[in-house]
Amino acid sequence: DYINHNTFYFEIFIFITFNSERKRMTCLVKDINNDKYYIFSKGSDSVMISEAHDRKPLITKFNYEQEKKNLEKILEHFSKEGLRILVMGYKEVSKEEAFNWKTQYENTLSNTKKKEIYADIEKDLIFCGCSAIEDKLQEEYYSAWDEENNEENNEENNEENNEENKNVEENKGNNIN
């Protein structure tokens with residue numbers, strides 16, 4: 001809380017990393033100052049606030065009605081700028097719910113079952129913000145792209161040179177006769 005110059009301390013109970021399938025990361029934390037438990041999640045706007053045919057959006061609550069309309073305009077602007085968008089949401093959960101979810105998560109080895117656990121806790125989040133960054137290509141990508149492009153150009157040049165050499169050889173044979 002910057003306004004009151006308070007510092008918050010959280011204990012992380014569960015941390016679910018981002019992956020390309022889930023398009024989000026989530027953590028279950030305990031606020032050490034007041035013994036409250038929260039789910040924090042951040043991810044792609046397509047997962048966090050958009051509905052799909054097989055699921056509801058993760059964020060279903062806004063602090064006020066105009067907030068959702070403003071967010072839609074902001075996300076449209078970010079999208080037109082070609083920026084990578086992250087949307088954040090949270091919810092408070094009871095101590096019992098937090099420990100129940102943690103126990104289920106830790107005792108489950110099956111990926112299918114874990115997806116069910118994620119779906120159970122990652123729902124009905126409250127919108128708390130969004131961010132957008134320019135997603136520049138990393139140098140390794142340029143290097144790999146340049147190498148691949150050079151290989152393709154070399155292959156094309158070799159094919160052209162082989163064809164030219166073949167034509168020269170054929171012409172030499174014709175000139176001898």
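Just so it is clear, the model here is predicted, and its values are computed rather than measured.
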How long is the straight-line distance from CD of Glu134 back to CD of Glu81, given to the nearest 0.5 Å?
9.5 Å

Taking Ile16 as the starting point, is it possible to reach Phe99 by hopping between hydrophobic residues whose side chains are less than 4.5 Å apart?
yes

Closest approach of Lys95 and Asp35, non-hydrogen atoms and distance?
NZ-OD2, 4.4 Å

Does NZ or CZ of Lys23 come closer than 6.0 Å to the centre of the six-membered ring of Phe18, within 45° of the ring's axis?
no

Side-chain heavy atoms of Leu125 within contact of Tyr90, under 4.5 Å
no

Heavy atoms, side chains only, cut-off 4.5 Å: are Cys130 and Leu86 in contact?
no

Do the non-hydrogen side-chain atoms of Val93 and Leu28 ever get within less than 4.5 Å of each other?
yes

4.5 Å side-chain heavy-atom contact, Ile49 and Leu75
yes

Thinking salt bridges, do Lys113 and Glu116 make one under a 4.0 Å N-O criterion?
yes

Using every non-hydrogen atom in the two residues, find where Asp31 and Asn33 come nearest and quote the distance to one decimal.
OD1-N, 2.9 Å

Distance, nearest 0.5 Å, that separates CD of Glu97 from CD of Glu92
10.0 Å

Just so I know, are the side chains of Val87 and Ser44 near enough to count as touching, which here means a heavy-atom distance under 4.5 Å?
no

With no hydrogens and no angle check, is any side-chain donor or acceptor of Asn100 less than 3.5 Å from a backbone partner on Glu96?
no

Which heavy atom in Val29 sits nearest to a heavy atom in Phe10, and how many Å separate them?
CG2-CD2, 3.6 Å

Checking side-chain polar atoms at under 3.5 Å, does Thr108 have a donor or acceptor matched by the opposite partner on Ser110?
no

May I ask you to say whether Arg22 pairs ionically with Glu122, meaning some side-chain N is under 4.0 Å from a carboxylate O?
yes

Determine whether Lys30 and Lys36 make a side-chain contact, defined as any pair of heavy atoms from C-beta on separated by less than 4.5 Å.
no

Using a strict cut-off of less than 4.0 Å between a Lys/Arg side-chain nitrogen and an Asp/Glu carboxylate oxygen, indicate whether Asp124 and Lys91 qualify as a salt bridge.
no

Could you tell me if the side chain of Glu67 sits less than 4.5 Å from the side chain of Phe127, heavy atoms only?
yes

Write down the atom of Met48, the atom of Ser41, and the distance for their closest heavy-atom approach.
CE-O, 3.7 Å

To the nearest 0.5 Å, atom OG of Ser131 lies from atom CG of Leu83 at 10.0 Å

Could you check Glu106 against Lys102 for side-chain contact (heavy atoms from CB on, under 4.5 Å), going step by step and ending with a plain yes or no?
CA-CA 6 Å; Glu106 290 173 343; Lys102 181 180 183 212; 3.1 Å; yes

What one should report as the nearest heavy-atom pair of Ala98 and Tyr37 is CB-CD2, 3.7 Å

Do Met88 and Leu71 sit in one hydrophobic cluster, given that two such residues count as connected whenever their side-chain heavy atoms are within less than 4.5 Å of each other, even indirectly?
no

What's the shortest heavy-atom distance between Thr26 and Ile39, and which atoms?
CG2-CG2, 3.7 Å

Would you say Phe15 has more than 12 foreign heavy atoms packed within less than 6.0 Å of its CZ?
yes

Taking the six-membered ring for Trp and the single ring otherwise, decide whether the centroids of Tyr105 and Phe13 are under 6.0 Å apart.
no

Hey, are the side chains of Glu76 and Lys80 touching, using non-hydrogen atoms and a 4.5 Å cut-off?
yes

Could you tell me the separation between the CE atom of Met25 and the NZ atom of Lys42, rounded to the nearest 0.5 Å?
6.0 Å

With a cut-off of 6.0 Å (strictly less than), are more than 12 heavy atoms of other residues, nucleotides or ligands near NZ of Lys114?
yes

Taking Trp101 for the side chain and Ile121 for the main chain, is one N or O donor matched with an acceptor at less than 3.5 Å?
no

Is there a path of hydrophobic side-chain contacts, each under 4.5 Å between heavy atoms of I, L, V, M, F, W or Y residues, that connects Tyr38 with Ile126?
yes

